Amino acid sequence: TTISNLSVGDSPLRVKPKNLDVMGEYARANTKNAANFVVIGHVDAGKSTLMGRLLYDLKVVDERTIEKFRKEAGKIGKSSFALAWVLDQTSEERNRGVTIDVAINKFETEKTRFTILDAPGHRDFIPNMIAGASQADFAVLVIDASTGSFESGFQARGQTKEHALLVRSMGVQRIVIAVNKLDTADWSHERFLEIKQQTLAFLTTAGFRSENLSFTPCSGLTGDNVVRKAGDGLMPWYNGPTLIEQLENSEPIRRAVEKPLRMTVNDIFKGGAQNPLSVSGRIDSGSFQVGDSVVVMPSVEKAIIRGIEVDQEPSDWAVAGQNVVLHLSEIDPIHLKTGDVLCSSISPIKNIVSFTAKVLAFDHITPMHVDVHRGRLHVPGRITSLIAVLDKGNGSIIKKKPRLVPPGSLARVKIEVENAVPLEAPTRVILRASGETVAAGLLE
Ligand code: GDP
């Protein structure tokens, strides 16, 4: 794929701007929102089963596939695992010698296209979850309501709290809480209320606002109140939304379509006959149309958008929240890398060499070398100073200029990077050292 002779100005690459009123088009099109979420919760809370149930009841997975899983699971005496296997695509893990081509992690309703950002259920879950949380619009917290399980998920070594704090530190504000396996508690209203009260108390102390939290009683195994309403008489005390309705309610409130354009490049495709240079990604904010000029940062080079695809369909325009492929011209591809940011030329993002961030430490942090990751952007850098240790709930200063930040603490740190990079607040960053995530949080 040679791209050196990209002929700038050749007629096939020229496009005639249509000068559309994109906001008007957007309003008329009634575009489906795209919502990305991570699934969090203690091991065995039923995350995989619940997601499998969603996909199955929304007919993303067909009856034959599930039947096949049921048979296989039955052979090893665990037929209840069939639903969990829909998402759990690593065949080594379940050791059953069957491979499936694509991980299913997308489903849609009339209003929304959902993407599940990581397959839950893996043992080595935290790194995946951090990556997922960095792109999440909201989180789904699955809680096991069965006797003793809720309690152990909540204890010191339980993952419920750890995951919640982690997504919070990454700036996720909304959580849909699935009070799951309520079939094992006789669909008891008291049990639901008890779990709701304790979880609410914990999450609000952790800094979540109660209006961004919702609690839905359900069972992933039986499917009650997931996509279909609970069976007759099971929960006479409940007439709220099903889990899927609750997910639709948690569509991101602001889509930032009116803000200046920001789109982080996820992938670059070179050398196509029709389209010599294309990039893909999700539009973080703003909008554009065919014919627009954009600035690529950090190179500060201009490019012209000569074609747009939204969800694999050609389109004349696109807005924040959509996943797109852009065909570009009038830029030499050497100026373009994954992790770059496409911006409006009127107010481009700035390239910076230092910033402060509020991060949750996973390891001891001191002034040290770290790689700074933001989406697919990553650059070598250094934590140059520890400014303060902060209260996890309200963010107030507990200790100024600590010599060391212990794992599990929230801290404000100063970071310098080797080369200027396009970053601006608020954005989620991950700090890694020797292949491990040492901290994650928000650039301020
Ligand atoms: P994960 O580790 O959170 O992904 O949990 P799994 O989905 O693998 O489920 C763990 C175990 O709980 C499995 O044996 C499931 O069959 C069981 N399970 C999951 N959801 C439910 C539920 O709603 N009710 C009951 N009774 N069992 C469930």
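Computed from heavy atoms alone, side chains included, the values below leave out hydrogens, waters and symmetry copies. Just so we're clear, the structure is a prediction, and the values are computed from it rather than from any experiment. Atoms within each ligand, like the ligands themselves, are counted from 1 in listed order.
Using a 30° and 60° split on the angle between ring planes, F37 and F107 fall in the perpendicular class, above 60°.
Residue N180 touches ligand 1 through its side chain alone, judged by heavy-atom distances below 4.0 Å.
Heavy-atom proximity to S219, at under 4.0 Å, picks out these atoms of ligand 1: 22 (C), 23 (O), 24 (N).
Proximity of a side-chain donor or acceptor of T112 to a complementary backbone N or O of T109 within less than 3.5 Å is not detected. In this structure a side-chain-to-backbone donor-acceptor pair under 3.5 Å is present from K392 to G408. R168 places no side-chain N or O within donor-acceptor distance of the main-chain N or O of L203, the cut-off being under 3.5 Å.
At a 3.5 angstrom cut-off on N or O pairs, A45 counts as close to ligand 1. In terms of N/O distances under 3.5 Å, ligand 1 is approached by T49. Considering backbone and side-chain atoms together, G46 places an N or O closer than 3.5 Å to an N or O of ligand 1.
Around atom 10 (C) of ligand 1, the closest heavy atom drawn from D44, I40, D144, V226 belongs to D44.
Annotation: salt bridge (Lys or Arg N to Asp or Glu O under 4.0 Å) contacts involving residues 175-196, sequence neighbours excluded, comprise D144-K181, E151-R191, R191-E194.
Test R113, R282, R174 against D137 for salt bridge (Lys or Arg N to Asp or Glu O under 4.0 Å) and you get one pass: R282.
The shortest separation from a heavy atom of G220 to ligand 1 is under 4.0 Å, placing the residue in contact.
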